[in-house]
Amino acid sequence: MNELPFEGRTAVVTGGADGIGRATAVRLALGGARVFAGDIQSREENNQRFAKLGITALVCDVRSDADVRKLIETAVAANDRLDILVNNAGIGLVKQIPDVTEEEWDRCLDTNFKAAFLTAKYAIGPMRACGGGSIINVSSNAGLLPRAHDPVYSTSKGALIALTRSLALCHARDKIRVNSVCPGPVGDTGMMNADLKKAIDPAALADQMIDASPLAKAYRRMITPDEVAEAICYLASDAAVMVTGTSVAIDGGKSLGVPPK
Ligand code: NAD
């Protein structure tokens with residue numbers, strides 16, 4: 001097995017400052033990729049590690065066409081190529097439809113869904129020019145099986161899977177593969193920590209989330225960002241050369257159905 005599967009490759013990871021995105025940026029860089037991590041926030045705590053691994057952190061709001069274009073163009077300019085794109089930036093929205101404002105709908109759909117259109121729009125040309133590439137969209141178990149507590153989030157993640165399949169179909173001829181990963185519950189991420197912090201009883205909520213995923217329940221722990229990053233790196237690698245249009249659930253079986261008691 002090649003120890004540096006991504007040597008000579010250029011990768012863009014959105015939402016790369018924290019959680020699953022940061023774990024993915026680090027893994028890709030450890031595998032030899034030149035990584036550009038775009039995020040709306042810049043976190044000083046990443047500076048040392050990112051510098052060591054040659055990861056370039058850029059401020060980018062994935063809802064903005066101009067920001068996304070700049071992120072992709074900056075990455076391409078480094079080595080005149082783009083091989084890997086990980087659409088990971090995302091936000092949650094726990095609200096019932098009658099209470100959701102138009103602004104909240106737009107923020108959630110633009111971050112979780114429109115952004116993947118914008119990145120693809122600018123990434124496909126450079127990927128095609130270097131003979132192919134791999135796009136990985138970070139969806140959710142909620143994209144496979146909608147959840148009653150977050151209908152807008154579930155819709156955004158389901159739409160992302162639909163985009164994944166369409167793009168996979170359209171760009172196979174360019175040797176551009178497009179896949180999704182569908183994680184959850186993933187612990188130790190910005191999103192998860194914020195959700196737990198808001199809860200009246202964080203430990204009870206964590207238990208509830210663990211119990212909703214058969215394997216998480218069996219192991220009595222959440223999935224780690226690294227476990228999701230591992231699947232993303234497989235899909236980004238040459239080992240997955242014939243894999244496109246799939247959705248890989250890294251959810252301990254959560255999206256399979258109602259678990260046994
Ligand atoms: P996280 O909050 O640690 O990471 C999300 C990152 O996206 C953050 O760094 C945030 O700053 C960035 N971001 C948010 N809005 C942005 C914008 N407009 N432009 C650029 N960057 C933006 O949370 P995470 O759990 O690592 O989430 C990563 C992805 O995984 C998300 O798409 C999320 O929906 C998905 N996901 C997470 C879980 C989970 O249990 N944690 C489950 C299923 C899916």
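Being a predicted model, the structure only gives us computed values, none of them experimental. When a ligand or atom number is given, it counts from 1 through the structure's own listing order.
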I need the contact type for [X] against ligand 1. Using non-hydrogen atoms and a strict under-4.0 Å cut-off, is it side chain, backbone, both or neither?
X    : result
A89  : both
C182 : neither
K157 : side chain

Strictly below 4.0 Å, N to O, side chains only: are [X] and [Y] in salt-bridge contact?
X    : Y    : result
R22  : E45  : yes
R63  : D110 : no
D150 : R147 : yes
D83  : R34  : no
R220 : D211 : yes
E227 : R221 : yes

Does ligand 1 come near enough to [X] that some N or O of the ligand is less than 3.5 Å from an N or O of the residue?
X    : answer
M192 : no
I91  : no
T189 : yes
V186 : yes
N141 : no
I20  : yes

Closest non-hydrogen contact found for C182 with S139 is SG-CB, 4.0 Å

All heavy atoms of V68 vs all of Y122, minimum pair found to be CG1-CD1, 4.2 Å

Per-atom contacts, ligand 1 versus [X] - under 4.0 Å to a heavy atom:
X    : answer
C60  : 19 (N), 20 (C)
D61  : 17 (C), 18 (N), 19 (N)
P185 : 40 (O)
G190 : 1 (P), 2 (O), 3 (O)
Q41  : 8 (C), 9 (O), 10 (C), 11 (O)
Y153 : 33 (C), 34 (O), 35 (C), 36 (N), 43 (C), 44 (C)

For [atom], what is the nearest protein heavy atom, given as residue, atom name and distance?
atom                    : value
atom 15 (N) of ligand 1 : T111 CG2, 3.7 Å
atom 43 (C) of ligand 1 : P183 O, 3.0 Å
atom 28 (C) of ligand 1 : N88 OD1, 3.1 Å
atom 9 (O) of ligand 1  : D39 OD2, 2.7 Å
atom 4 (O) of ligand 1  : D18 O, 4.1 Å
atom 19 (N) of ligand 1 : V62 N, 2.9 Å
atom 16 (C) of ligand 1 : I40 CG2, 3.7 Å

Proximal candidate to [atom] [heavy atom criterion; set [options]]:
atom                    : options              : answer
atom 44 (C) of ligand 1 : G184, S139, A229     : S139
atom 30 (O) of ligand 1 : V138, L58, T14       : V138
atom 33 (C) of ligand 1 : M209, R22, R63, M191 : M191
atom 5 (C) of ligand 1  : G21, G90, G19        : G90

Tell me whether [X] contacts the main-chain N or O of [Y] through its side chain, where contact means a donor paired with an acceptor under 3.5 Å.
X    : Y    : result
N88  : G15  : yes
S255 : L145 : no
Q96  : A148 : yes
T189 : I20  : no

Any chance you could lay out the side chain to side chain donor-acceptor pair (under 3.5 Å) test for N87 and T119, step after step, and finish with the verdict? CA-CA 8 Å; N87 287 309; T119 54; 2.7 Å; yes

Are V152 and L144 connected in a single hydrophobic cluster, I mean Ile/Leu/Val/Met/Phe/Trp/Tyr linked by side-chain heavy atoms less than 4.5 Å apart?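 Cluster IDs for L144 and V152 differ.
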
Note to self: For the residue pair T164 / S180, report whether a side-chain donor-acceptor contact shorter than 3.5 Å exists.
What the structure shows: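 Yes, side-chain donor-acceptor contact under 3.5 Å.
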
